[in-house]
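Report on the following structure.
Order of appearance sets the numbers: ligands from 1, and atoms from 1 within every ligand. Computed from heavy atoms alone, side chains included, the values below leave out hydrogens, waters and symmetry copies. Residue numbers run from 1 in the order of the sequence given.
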Amino acid sequence: MTKVAFIGLGRMGHGMAGRYLDAGFSVAVWNRSKAKAEDLIPRGARWASSPADAADSADAVVTMVADDEASRLVWLGQDGAAAKMKAGSLAIECSTVSHQHALDMASELRGRGLSYIDCPVTGLPQAAAAGKLTLLVGADAADLDRAKPYLAPIGDVIRHFGAVGTGTVFKLINNLMGAVQIASLAEGIAIAEQAGLDMNLVAEALATGAVASPQVIRHSKRMVARDFSGASFTSALRYKDAAYAVKLAENLLADAPLVGRAAVEAYARAKAEMPDEDEGRMIEIVSRPK
Ligand code: NAP
């Protein structure tokens, strides 16, 4: 049976790991806190005592952790996955990391005879649990071909942007633009509220007008109703992605990114005040009256 190690069982990773179980893979799982694995074990997952233990004899290792720091720990830390991976096996990074981090990991793991591909995703936790993520891949074509059997259970669209790191570039610009849209939506709604407009009408007009991106459609009614139930992307994660994107922009563009920096500042406040809450709660930060 094909063996997969899955590392990181948060909102996204838990559902993704379940997809490998449902698809008939032999799955070893590790998460910093074991509680999130409890319901996967009766479904057939092997609990591993460390990322290295999970990776032992795996054909592919898939990670879905928060950020660069967590990614480095699970790949290269003490008892990191790389210590036990088979020569030639696949390291698939689904976490959203910085561009430089993806390049560094690719180089470090290549030096150990492993193939690293960056494969950040778009889609909410429900999509992760249903295997309906869009996979944003940076990889050599041959590595991507080898990785496809391990990508099929978790995603229904693969976008291959080019060599290692390019999937992450796309993911970061995507999430920077999302940060800008959500922060500016919060500002617009806050202005309309303070000006006394009919907010049901405002929500409907925003969600059907010229600025109605999927982010605006998703967040406008939630912000007006202050209802942040359902699947969540946290302020801390949005801040992290926007900050990684701005860093990349500073390396590539002479005079950028003005709007991106404003979004990073807005999400720095949201992260400071409510790091683990839904990113749409930005409305609560910007809507305080003077
Ligand atoms: P989450 O629920 O906060 O889970 C984060 C995961 O990272 C958990 O498994 C956590 O372990 C682990 N982690 C954090 N710091 C760690 C450390 N220092 N060492 C080891 N493990 C660590 O986040 P999520 O929403 O699943 O997001 C996971 C990744 O997917 C992020 O890169 C995020 O940007 C990306 N993403 C999220 C969404 C979304 O809608 N949520 C969509 C697309 C992409 P514990 O359980 O022990 O805390």
Going by the angle between their ring planes, with limits at 30° and 60°, are Phe6 and Tyr20 parallel, tilted or perpendicular? tilted
side-chain hydrogen bond (donor to acceptor under 3.5 Å, both in side chains) pairs, two or more places apart, involving residues 182-196: Glu193-Arg226
More than 12 heavy atoms of other groups within 6.0 Å of Tyr239 OH: no
Residue by residue, ordered by chain and number, which ones reach under 4.0 Å of ligand 1 with a heavy atom? Gly8, Leu9, Gly10, Arg11, Met12, Asn31, Arg32, Ser33, Lys36, Met64, Val65, Ala66, Ala70, Leu73, Ser95, Thr96, Val121, Gly123, Leu124, Pro125, Lys171, Ser232, Phe233, Leu237, Lys240, Asp241
Glu69 atom CD: more than 12 heavy-atom contacts under 6.0 Å: no
Give the intermediate values and the outcome of side chain to side chain contact (heavy atoms under 4.5 Å, CB included) for residues Leu114 and Glu108. CA-CA 9 Å; Leu114 306 167; Glu108 301 238 23; over 6 Å; no
Taking a hydrophobic cluster as the set of Ile, Leu, Val, Met, Phe, Trp and Tyr residues connected by side-chain heavy atoms closer than 4.5 Å, whether directly or through intermediates, do Ile7 and Leu151 fall within one such cluster? yes
